[in-house]
There are 2 protein chains.
Amino acid sequence: MEQTGEDLMERRSGVALWRQVADRIRLGISNGTLGEGGRLPPEITLSQQFGVNRHTVRAAISALVQEGVLRAEQGRGTFVESRKRLAYPITTRTRFSTGLKDQTRARRVNLLRHVVEPAPTRVAEALQLEPGAPVHRLETLSEADGRCVSRGTSWFDATRFPGFADVFVETGSITASFARFGVDDYVRRSTLVSARHADAEDLDTLKLSPGAIVLVTIAINDDLDGRPIQFSETHFSADLVELTIET
Amino acid sequence: MEQTGEDLMERRSGVALWRQVADRIRLGISNGTLGEGGRLPPEITLSQQFGVNRHTVRAAISALVQEGVLRAEQGRGTFVESRKRLAYPITTRTRFSTGLKDQTRARRVNLLRHVVEPAPTRVAEALQLEPGAPVHRLETLSEADGRCVSRGTSWFDATRFPGFADVFVETGSITASFARFGVDDYVRRSTLVSARHADAEDLDTLKLSPGAIVLVTIAINDDLDGRPIQFSETHFSADLVELTIET
DNA sequence: TAGATTTGTCTATTGCTCTATACAACCGAA
DNA sequence: TTCGGTTGTATAGAGCAATAGACAAATCTA
């Protein structure tokens with residue numbers, strides 16, 4: 001009783017079938033090709049489409065329920081919880097909150113950790129400081145509508161911006177914090193984009209499941225005199241976010 | 001006799017340990033944190049670092065040898081075959097060949113497939129055509145130094161650019177082909193970036209292994225009058241490429 | 001209420017993954 | 001040549017992944 005799965009999964013590839021199925025369901029939902037009307041096809045149908053056993057599909061669905069992507073109701077069906085990907089604009093004036101204003105209701109940036117440390121090499125280069133000069137390192141978690149969107153680590157010159165972290169906690173915004181230090185405006189100088197598998201800290205912080213993908217941006221912001229004021233590395237959950245670039 | 005692996009792998013996650021190890025080794029090489037001097041640490045050392053059995057490391061290395069990332073020599077050690085990621089610049093004047101000029105010796109774009117088809121909805125919208133208007137669809141494979149860097153699908157207005165594919169085959173370049181039709185220059189209007197697991201066609205075309213990641217860009221190019229002339233979706237191998245954005 | 005549809009649970013079997021141990025083959029240096 | 005370090009091969013056992021079949025529980029419709 002073998003099925004005629006239109007597009008077979010890769011076996012003995014090091015990735016469990018149930019995880020491959022989960023990835024394809026998640027992708028299908030983002031694309032809109034799956035979950036017509038907010039409802040997923042029955043398990044039996046999916047197992048035939050993917051050419052795997054029903055239990056394998058169940059394992060995939062179970063993982064997606066855990067992630068919050070799906071919701072299963074006995075006797076009724078399985079339903080889609082999430083929506084389209086957020087479009088995060090990268091421009092000369094990239095700011096977290098304003099960028100997502102039209103797409104989400106609630107946005108928040110939480111401070112996870114703050115330390116003052118000697119600048120690592122790449123940070124010193126980016127901020128044009130002496131290697132080892134004191135810098136603030138702020139690790140933040142950005143949420144939109146209750147979902148963990150991104151995890152960022154930013155560095156700031158501790159000499160120029162004393163007590164930056166305290167101001168940030170008070171204002172809850174990088175932009176507002178800069179304003180306190182007399183930097184009324186700033187511009188994105190450069191952005192580097194790459195993608196990779198989520199590491200242990202991504203999984204924990206962004207509440208992802210193993211094998212998930214993160215979009216990584218490494219960016220430098222300048223003040224209006226062209227002096228670098230912020231160096232940051234941000235990890236976006238690739239299932240929730242896409243980046244838009246207007247050139 | 002358990003090890004003190006500094007940063008343990010995720011078990012029962014649906015991704016085999018050897019594949020997780022392979023992903024981390026590949027990443028370590030891209031980062032430059034692994035493979036100091038072109039040579040990988042011995043299998044025993046790696047197995048202790050990752051907190052897994054030596055055979056698990058061997059499975060990972062075996063996969064990376066298959067991919068062409070590593071080369072193992074009995075009695076001597078395991079060596080790195082590949083280099084740092086290519087930086088692919090996205091600017092108002094994004095072109096494949098010139099963008100990678102300083103980083104690679106040989107660059108080539110191969111035409112995989114060409115059809116004239118009625119424009120799908122999103123293509124028609126992007127090119128400002130009537131839905132169903134005839135368009136060229138060109139599927140291309142870009143290589144640099146013999147490695148498959150990206151797979152692109154581009155659409156062009158068939159009415160404005162009759163026989164575009166033939167010209168492309170002759171010139172081997174989008175830019176040169178446009179020139180033949182009197183479009184001496186063009187600019188990137190917008191770029192959308194996302195990341196996902198490679199699908200079956202990515203695996204085949206880009207010679208990736210299952211679980212690999214692709215960076216996906218969806219872009220529109222305009223002529224100097226601001227009229228859209230090209231709509232494209234490009235899949236980059238995330239292990240080989242990162243995108244740079246100067247704003 | 002009866003029946004069809006759908007998700008949830010259970011048991012069993014097969015094959016692959018990971019571990020553990022041992023030893024062979026090969027290389028380079030003393 | 002000898003020896004330490006490294007990759008390659010073999011074998012066996014424990015645990016996870018995937019399949020299969022059967023049935024329970026919940027929901028909806030006729």
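Please read these numbers as outputs of a predicted model, since none were measured by experiment. Labels below follow one simple rule: chain letters A, B, ... track the order of the sequence lines, proteins then strands, and each chain is numbered from 1.
Residue T78(B) places no side-chain N or O under 4.0 Å from the OP1 or OP2 atom of dT6(D). Side-chain N/O atoms of N53(A) include none lying less than 4.0 angstrom from OP1 or OP2 on dA18(D). Using a 4.0 Å cut-off, some side-chain N or O of T56(B) falls inside it from OP1 or OP2 of dT19(C).
Rounded to an integer number of Å, the gap from F50(B) CZ to dT19(C) C1' is 18 Å. Between Q74(A) atom CD and dC23(D) atom P there is a gap of 18 Å when expressed in whole angstrom units. One can place CG of L17(B) at 13 Å from C1' of dC16(C), the figure rounded to the nearest angstrom. Atom-to-atom, CZ of F79(A) to P of dT5(C) comes out at 17 Å; the value is rounded to the nearest Å. With rounding to whole Å, R71(B) atom CZ is found 18 Å from dC26(C) atom P. Atom CH2 of W18(A) and atom P of dC16(D) are 13 Å apart (whole Å). Summarising the geometry, the separation between CD1 on I44(A) and P on dG21(D) is reported as 11 Å, rounded to the nearest angstrom.
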T217(A) vs I245(B), side chain to side chain contact (heavy atoms under 4.5 Å, CB included): CA-CA, chis, key distance, verdict: CA-CA 10 Å; T217(A) 65; I245(B) 302 148; over 6 Å; no
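Interatomic distance, L206(A) CG to L240(A) CG, rounded to the nearest 0.5 Å: 9.0 Å. Taking CD1 of I218(A) as the start and CD of E242(B) as the end, the distance is 7.0 Å to the nearest 0.5 Å.
Residue-to-nucleotide contacts include a donor-acceptor pair under 3.5 Å from the side chain of R54(B) to the base of dG8(D).
Comparing atom distances between the R76(A) side chain and each of dT7(C), dT27(D), dA25(C) picks out dT27(D) as nearest. Proximity note for A16(A) (side chain, C-beta onward) versus dG8(C), dT7(D), dA17(D): the nearest is dA17(D). In the set dT17(C), dA18(D), dT7(D), dT7(D) carries the atom at the smallest distance from any side-chain atom of A72(B). Closest to the side chain of E43(B), out of dT7(D), dA26(D), dT19(D), is dT7(D). Set against dT9(C), dT19(C), dT17(C), the side chain of H55(B) has dT19(C) as its closest nucleotide.
DNA chain D is contacted by both E73(A) and R58(B); R58(B) maps to the nucleotide lying nearer its 5′ end (nearest heavy atom per residue).
At most 12 heavy atoms of other shown residues, nucleotides or ligands fall within 6.0 angstrom of atom CZ in R108(A).
Counting heavy atoms from C-beta on, the side chains of L17(B) and N53(B) never come closer than 4.5 Å.
Counting non-hydrogen atoms under 4.0 angstrom, R19(B) reaches nothing in the nucleic acid. Here R39(A) lies in heavy-atom contact (under 4.0 Å) with sugar-phosphate atoms only.
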